[in-house]
K.L.:
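Encoded as structure tokens, here's the structure I'll be asking about.
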Amino acid sequence: MAFAARYEDTVRTGTLFAAIAGFVASALAVFIITDDFIGAGQVQIISLSAIIGGTASMAAAWRWLVPGHDGFGMWRAVGAGAVSAIASSVFMWLIAFVAFLSDMASDPLSIIELIRRALMLSFYFAIIGNILVGWVTIPLGIAAACVVTAWAQRRIEAP
């Protein structure tokens, strides 16, 4: 297999592995942070939206930041993991607030207004959330991105 074809295949497969690693890292963060995952309905919505956000943001951040013209950079993976962890909290709160606001709205909101309100709230809560629990989520995101990048580097270097 030619190097360019192997590189492209590694990028595609690595993006899938990054999504799986993001899922595992965000699920682990949820179980570390949340003490009552099974009990309350709102906690379940927030926890599941955190896992969805972590999965999507890790795949996107790894795909856009890690592969480069000089291969797969480990420092770029560290940045991608941190960006993914921070961005996943925005996705988490956005999904949660869309679910909460659609249930709590007394008058039917348009979908644009609903997303606009949820987006404003999600940025605020994401900043607060990263200050409070970023010490768990950011290292887990970095570790997940670095594991996938180490796999990609080994696959490219193998004959």
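Position 1 is the first residue of the sequence; numbering continues from there.
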K.L.:
Between OG1 of Thr137 and CE of Met92, what distance do you get to the nearest 0.5 Å?
P.N.:
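Answer for the OG1-CE pair, Thr137 versus Met92, is 9.0 Å.
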
K.L.:
Say you draw a straight line from CH2 of Trp93 to CG of Leu119; how long is it, rounded to the nearest 0.5 Å?
P.N.:
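Going from the CH2 atom of Trp93 to the CG atom of Leu119 covers 14.5 Å.
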
K.L.:
Give the minimum heavy-atom separation between Ala80 and Leu65, together with the two atoms involved.
P.N.:
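For Ala80 and Leu65, the tightest heavy-atom pair comes out as CA-CD1, 3.7 Å.
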
K.L.:
Distance from Ser88 atom OG to Met58 atom CE, nearest 0.5 Å?
P.N.:
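The OG atom of Ser88 sits 8.0 Å away from the CE atom of Met58.
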
K.L.:
Within a strict 4.5 Å, meaning less than it, do heavy atoms of the Leu94 and Phe123 side chains meet?
P.N.:
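No, too far: nothing below the 4.5 Å cut-off.
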
K.L.:
Do Tyr124 and Ile128 have side chains that approach each other closer than 4.5 Å (heavy atoms only, starting at C-beta)?
P.N.:
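When only atoms from C-beta onward are counted, Ile128 and Tyr124 do touch, with a gap below 4.5 Å.
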
K.L.:
Val136, Ile142: one ILVMFWY side-chain cluster at the under-4.5 Å cut-off?
P.N.:
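Per the 4.5 Å side-chain linkage, Val136 and Ile142 are not co-clustered.
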
K.L.:
Does any part of the side chain of Arg76, heavy atoms only, come nearer than 4.5 Å to the side chain of Asp70, both counted from C-beta?
P.N.:
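Yes - at least one pair of side-chain heavy atoms lies under 4.5 Å apart.
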
K.L.:
Ignoring hydrogens and angles, tell me if any N or O in the side chain of Ser26 forms a donor-acceptor pair with the backbone of Phe23 under 3.5 Å.
P.N.:
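Such a contact is found between Ser26 side chain and Phe23 backbone.
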
K.L.:
Any ring-ring contact (aromatic ring centres under 6.0 Å, His included) pairs touching residues 49-70, not counting sequence neighbours?
P.N.:
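Every ring-ring contact (aromatic ring centres under 6.0 Å, His included) pair that includes a residue of residues 49-70, provided the two are not neighbours, is Trp62-Phe72.
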
K.L.:
Spell out, yes or no, whether Ile131 and Ile33 are grouped together once hydrophobic residues are joined by side-chain heavy atoms under 4.5 Å, including indirect joins.
P.N.:
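Different hydrophobic clusters.
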
K.L.:
Does Val78 belong to the same Ile/Leu/Val/Met/Phe/Trp/Tyr cluster as Val148, with side-chain heavy atoms less than 4.5 Å apart forming each link?
P.N.:
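Shared cluster, no.
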
K.L.:
Could you pull out the closest heavy-atom pair between Gly73 and Thr149, with the gap in Å?
P.N.:
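The pair with the smallest heavy-atom distance is O-CG2, 3.8 Å.
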
K.L.:
May I ask whether Ile138 and Phe125 are part of the same hydrophobic cluster, defined by side-chain heavy atoms of I, L, V, M, F, W, Y residues being less than 4.5 angstrom apart, directly or through others?
P.N.:
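Shared cluster, no.
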
K.L.:
Can you check whether Ile86's main-chain N or O pairs, donor with acceptor, with Ser89's side chain at less than 3.5 Å?
P.N.:
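Present.
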
K.L.:
To the nearest 0.5 Å, how far apart are CZ in Arg154 and CD1 in Ile156?
P.N.:
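One finds 13.5 Å between CZ of Arg154 and CD1 of Ile156.
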
K.L.:
Do the side chains of Ile20 and Val147 join up, straight or via other hydrophobic residues, at under 4.5 Å, putting them in one cluster?
P.N.:
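No, Ile20 does not connect to Val147 through the hydrophobic network.
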
K.L.:
Which atom pair, heavy atoms only, marks the closest approach of Ala25 to Ala144?
P.N.:
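Taking every non-hydrogen atom into account, CB-CB, 4.0 Å.
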
K.L.:
Rounded to the nearest 0.5 Å, how far apart are OG of Ser47 and CZ of Phe31?
P.N.:
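Going from the OG atom of Ser47 to the CZ atom of Phe31 covers 8.0 Å.
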
K.L.:
Kindly compute the distance separating CG (Asp9) from CZ (Arg155), expressed to the nearest 0.5 Å.
P.N.:
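If we round to the nearest 0.5 Å, Asp9:CG and Arg155:CZ are 4.5 Å apart.
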
K.L.:
Any side-chain to backbone donor/acceptor pair from Ser57 onto Ser84? Under 3.5 Å, distance only.
P.N.:
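Judged by distance alone, yes, a pair lies under 3.5 Å.
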
K.L.:
Which atom pair, heavy atoms only, marks the closest approach of Val66 to Ala77?
P.N.:
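Minimum heavy-atom separation between Val66 and Ala77: CG2-CA, 3.6 Å.
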
K.L.:
Quick check: closest heavy atoms across Ala19 and Thr55, and the distance to 0.1 Å?
P.N.:
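Here Ala19 and Thr55 meet closest at O-CG2, 3.5 Å.
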
K.L.:
How would you list, by chain and number, every residue that makes a side-chain hydrogen bond (donor to acceptor under 3.5 Å, both in side chains) with Arg63, sequence neighbours excluded?
P.N.:
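side-chain hydrogen bond (donor to acceptor under 3.5 Å, both in side chains) check on Arg63 returns nothing, list empty.
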
K.L.:
Identify which one of Ile52, Ile45, Leu48, Ile46 satisfies the side-chain contact (heavy atoms from CB on, under 4.5 Å) criterion when paired with Ile95.
P.N.:
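Testing Ile95 for a side-chain contact (heavy atoms from CB on, under 4.5 Å) against Ile52, Ile45, Leu48, Ile46 leaves exactly one candidate, Ile52.
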
